[in-house]
Amino acid sequence: MLVSTLYAQPSSLAIGALATVAAAVVSAWIADLPELYVAAFVLGLIAAARVTAALGMSPDSESSSTASLELVYEIGAFSYALALGCTAAFTIIVNTNTEVEVLMVANAVGYGIGVSARNAGRLTIAIGQLTFTCLPIALAAFWTGKPGFIALGVTILLLIPAMISIAGNIFKVLRDSIASAETSKKLAEKMQVLARTDVVTGLANRAGLNHAMVETMMGVDDDSHLALIWIDLDRFKEVNDLLGHPVGDRVLSEVAKRLSAVSPDGGTVARFGGDEFIVFCPIVDRKDSERLASEIHAEIMRPFRIDGERLEVRASLGVALLPENGTDADTLMQSADLALYHAKVGGRAQTCFYDGSMSRDLVRRREIEDELRAALQRDELSIFFQPIVNLETGRIKTFEALVRWFHPEKGELRPDEFIPVAEETGVIVTLGNWITAQAARIAASWPEDVTIAVNLSPLQIRAPGAALGIKNALREAGLDPRRLELEVTESLFIEDNHATAAFIEELSEIGVRFALDDFGTGYSSLGYINKFPFSKIKVDRSFVSGEQVGKKSEAIIRAVAEMGTTLGMDIVAEGLETIEQVQSVKDAGCNLGQGYYFSRAVPDYLAAMLLTQERDQESRQATG
Ligand code: C2E
Ligand code: CA
Ligand code: CA
């Protein structure tokens with residue numbers, strides 16, 4: 001940068017050259033000395049050569065190195081200064097007339113002073129130029145021996161140290177300001193890199209991804225293909241909560257490493273929020289993106305080893321492609337987000353590619369969201385009851401209350417579709433209270449030994465006054481608290497929430513019982529089975545009728561049943577559809593069963609009828 005100041009403002013250089021060449025020509029004309037014509041010619045020649053060199057060697061061009069730029073300038077500057085100084089000295093020595101001497105000396109000295117200030121960025125050049133112009137004049141002045149000239153020589157010599165000090169000062173100011181500009185530029189660059197980097201994984205963060213996407217999208221042509229893969233780790237919150245944040249962070253870093261390794265060159269890997277990642281990269285075609293997505297999926301599912309412990313993480317992936325699913329960054333992100341949402345809703349641990357119908361599904365979800373509140377008032381919701389049967393006697397022990405929504409246009413909606421929406425929007429609290437109240441009211445009309453099970457969402461339990469709501473429902477229905485069973489899932493215990501503990505304790509005290517629902521689908525940590533007073537464990541139906549049912553799931557049911565017997569708990573097998581399944585869970589030690597084999601969930605009058613039939617049969621058997 002210091003060298004480039006030499007080349008900056010070429011106009012001052014041109015004015016200097018013009019003035020001195022003109023002065024030399026005028027002097028030659030007045031004095032009519034051929035030597036001065038030669039001098040004017042030489043000065044003009046050097047000036048022309050310097051201008052040509054300056055035009056050919058810009059400090060901005062890559063081909064000219066700093067050292068060569070400086071050297072070329074130095075040679076030109078010194079030869080010009082020396083030529084000018086000697087010309088002025090010559091006018092003194094040959095004793096031309098005063099007019100010419102003043103013209104040349106003033107010009108040369110003025111030039112020397114001006115140029116040494118101008119070129120203070122390179123001190124050697126500045127001082128050299130001053131010395132080469134002034135020294136010959138001073139020597140010539142002394143050589144004349146005339147007092148006036150001697151005084152001139154002395155003052156000119158004094159100029160040299162004075163100018164050295166001035167140029168030195170300018171040089172320092174220049175150097176310091178360049179240095180501080182460079183530091184702040186470096187700092188700004190560093191800050192920018194930091195602002196675009198995720199601290200935990202070292203990947204790009206949201207800002208970094210945006211930047212990379214903009215850059216990539218600007219460079220795409222008509223036949224480029226890009227894939228945006230949005231990855232969400234399933235139930236990562238549980239890893240964090242159960243094993244702690246440091247372990248969580250290490251898992252994230254490891255995932256980041258694996259993603260970077262499988263992503264193709266020229267792609268960007270970013271971490272987006274807590275446990276979401278994005279891979280944005282060029283692909284050949286759709287097939288290529290499918291291969292990449294499955295590779296990414298396999299990489300994440302590969303077990304981790306952290307502190308010698310084995311850890312498995314699952315992930316859902318949403319993929320959107322350019323140009324098929326969008327040609328700008330925003331649309332592409334929206335499409336991938338929707339695809340990811342579908343992957344999660346569709347049972348997690350899977351990959352979904354965006355397609356147009358997903359937007360329609362989202363619309364449906366929005367509609368559900370909008371209509372759910374009104375549905376309660378419009379009486380579109382009702383409660384169905386599914387029997388839970390004693391496997392030994394075949395008698396109905398409990399009915400599980402399952403909510404149903406009969407929508408006037410959409411038909412029957414499944415709770416799997418609207419309960420999550422109710423949870424997200426908070427409607428679940430009102431809805432849940434209504435369900436408990438209804439269920440309790442109906443159960444009160446059943447024989448004393450039949451109990452009712454109601455599902456509770458974690459959000460409902462954590463809501464203020466939750467226990468009071470249940471107590472009110474029981475009182476209004478006139479139902480004995482011992483006939484109410486609340487089904488909760490493991491997800492409730494992931495957060496160590498004292499509201500949860502207080503809720504369970506307060507209701508247990510009055511006799512309400514608790515069942516652990518969907519056992520085996522979550523983290524299945526047995527700690528809370530010990531900690532909370534569960535009277536029942538419901539083994540998830542994936543162990544009974546899922547695809548992977550086999551020796552392993554049978555062994556798990558057996559172990560859970562054994563534990564249940566030891567702890568005095570009931571063990572329910574869910575999802576029994578065939579007699580073989582009933583037989584096998586019974587053999588494994590479950591004492592209760594639930595499933596289509598016995599009955600689907602039915603409306604209240606049918607539930608009552610099932611109970612009446614059962615009792616009629618029994619009394620007939622008893623009377624023989
Ligand atoms: P869940 O608590 O595990 O309920 C059992 C689900 O399995 C019910 O589905 C039931 O109809 C179904 N099922 C029962 N036997 C069989 C069988 O033999 N085979 C098969 N394939 N399925 C069987 P449903 O009624 O669609 O409920 C789904 C989930 O929605 C429930 O799972 C529960 O988590 C939630 N849910 C239902 N009603 C309520 C409610 O009133 N409150 C809350 N918070 N959640 C509810
Ligand atoms: Ca349940
Ligand atoms: Ca269940």
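For reference, positions follow the sequence shown, starting with 1. All ligand and atom numbering here is 1-based and tracks the order in the structure. Atoms considered below: every heavy atom in the structure, side chains included; atoms not considered: hydrogens, waters and symmetry mates.
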Within reach of ligand 1, part of V454 (heavy-atom separation under 4.0 Å)
neither
N, O or S from D517 under 3.0 Å to the Ca ion (ligand 3):
yes
Selection from L576, L431, I435, I388 by shortest heavy-atom distance to atom 40 (C) of ligand 1
I435
Is atom 26 (O) of ligand 1 close to the protein, meaning a heavy atom under 4.0 Å from it?
yes
From atom 31 (C) of ligand 1, work out which of T578, L402, I419 has a heavy atom at the shortest distance.
L402
Counting only nitrogen or oxygen atoms and a 3.5 angstrom limit, does E400 reach ligand 1?
yes
The Ca ion (ligand 2) reached by E487 (N, O or S, under 3.0 Å):
yes
What do you reckon, does L456 have a nitrogen or oxygen under 3.5 Å from a nitrogen or oxygen of ligand 1?
no
Give the single entry among T436, D517, N455 that approaches atom 45 (N) of ligand 1 most closely by any heavy atom.
N455
Taking only non-hydrogen atoms of D518 and a 4.0 Å limit, the atoms of ligand 1 in range are 3 (O)
Look only at interatomic distance and state if Q594 has a nitrogen or oxygen under 3.5 Å from any nitrogen or oxygen of ligand 1.
no
Can you check whether a protein heavy atom sits less than 4.0 angstrom from atom 34 (O) of ligand 1?
no
